[in-house]
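I have placed the structure first, in the form of structure tokens, so that the comments after it can refer back to it.
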Amino acid sequence: MPFTVATWNINSVRLRMPIVERFLQTYQPDVLCLQEIKVPDELFPTEAFHAIGYEHVTFHGQKGYHGVATVAKHRIDIEEKRNFCDMGDTRHMSTRIEIAGKSILLHNFYVPAGGDEPDPVKNPKFRHKLDFIEEMRCFKALSGDNTASILVGDLNIAPGENDVWSHKQMLKIVSHTPVETEGLEAMRRAGEWEDLMRHHVPADEKLFTWWSYRAADWAASNRGRRLDHVWGSANLAPLLTDIEVVRDARGWDRPSDHVPVIARFNLDA
DNA sequence: ATGGTGGCTACGCCA
């Protein structure tokens with residue numbers, strides 16, 4: 001049975017419903033995880049998702065900032081909304097989906113960006129980001145025969161040399177500093193998570209999911225970063241059939257600065 | 001070395 005999961009930092013779900021609809025109608029993922037929805041729960045556009053076949057709509061939002069949502073064609077149940085660093089930010093939600101005889105736990109994350117100054121002493125936002133990725137160690141990928149875990153979202157860190165347009169020029173830029181990239185990789189290995197995007201695209205190939213709004217011509221300069229990720233438990237890695245980064249979406253009308261990433265599985269394999 | 005754009009909201013904050 002095919003199973004498709006997508007993740008997308010949407011930077012205001014209400015403003016971007018036209019391109020969310022375009023994406024869902026074109027790509028038809030079973031599940032879509034959104035980040036930075038920037039909407040309180042009472043104003044989430046549930047009906048717009050129902051109208052295009054996404055009957056199962058879960059969200060954890062707040063006014064103005066952050067917020068995650070997971071929408072699906074199949075039934076999903078909320079497992080947890082974890083209050084990371086006791087900050088009251090809506091940056092995580094996990095849901096469970098039962099499909100093809102498996103029980104899949106799906107984590108949807110929006111990791112703090114961390115501000116501009118990569119110094120945890122001078123910059124409390126950077127300290128918060130480092131604390132956040134440490135706390136993420138609480139979620140392990142561990143799984144049995146009939147269970148599996150997926151972790152997706154905007155992790156706001158580009159860990160590899162080819163996850164940024166220039167490794168050398170990015171080393172002191174928040175999102176690619178060694179303390180962040182090593183911290184994220186250590187946490188990923190400690191939780192026994194597999195980086196499924198890099199299972200499909202070799203580590204020596206450039207791979208980006210985000211391009212700044214500030215570039216005069218984002219496509220021509222191509223100064224991108226891989227900030228969005230799809231991780232899975234080891235038993236899912238052999239079932240992965242495809243990873244697709246929908247780069248075109250960066251050029252759609254009124255775009256997010258992030259593009260969708262789609263992971264396709266064959267759960268029978 | 002600097003500033004560039006965009007989305008909250010209602011002016012500065014955050015990315």
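Order of the sequence lines fixes the chain letters, A, B, ..., with proteins taken first and strands second; residue numbering starts at 1 for each chain. Treat the numbers as computed from the prediction; the structure is a model and nothing was measured.
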query: What are the residues of residues 170-185 of chain A, sorted by number, that bring a heavy atom to within less than 4.0 Å of DNA chain B?
result: none
query: Could you state the CZ-P distance from R223(A) to dG4(B), rounded to the nearest angstrom?
result: 16 Å
Spacing of the C1' atoms in dG3(B) and dA15(B) (rounded, Å): 15 Å
K81(A) side-chain N/O to M93(A) backbone N/O, donor-acceptor pair under 3.5 Å: no
Listed partners of Y27(A) passing side-chain hydrogen bond (donor to acceptor under 3.5 Å, both in side chains), at least two apart: none
query: Which whole-number value in Å describes the distance from N9(A) CG to dC14(B) P?
result: 17 Å
Got a list of protein N/O to nucleotides 1-3 of chain B N/O distances below 3.5 Å?
none

- prompt: Can you name the residues that form a side-chain contact (heavy atoms from CB on, under 4.5 Å) with A190(A), not counting sequence neighbours?
  reply: R137(A)
query: Do L32(A) and L34(A) touch side chain to side chain, with heavy atoms closer than 4.5 Å?
result: yes
Distances for protein N/O vs nucleotides 5-8 of chain B N/O pairs under 3.5 angstrom?
from	atom 1	to	atom 2	distance (Å)
dT5(B)	O4'	Y213(A)	O	3.1
dT5(B)	N3	R214(A)	NE	3.3
dG7(B)	OP1	R16(A)	NH1	3.2
dG7(B)	OP1	R16(A)	NH2	3.2
dG7(B)	OP1	R254(A)	NH1	3.3
dG7(B)	OP2	R254(A)	NH1	2.9
dC8(B)	OP1	S12(A)	OG	2.8

- prompt: Is any side-chain heavy atom of W8(A) closer than 4.5 Å to a side-chain heavy atom of V152(A)?
  reply: no
query: Roughly how far apart, to the nearest Å, are dG6(B) and dT2(B) at atom P?
result: 23 Å
Interface with DNA chain B, restricted to residues 109-120 of chain A and to heavy atoms under 4.0 Å: Y110(A), A113(A)
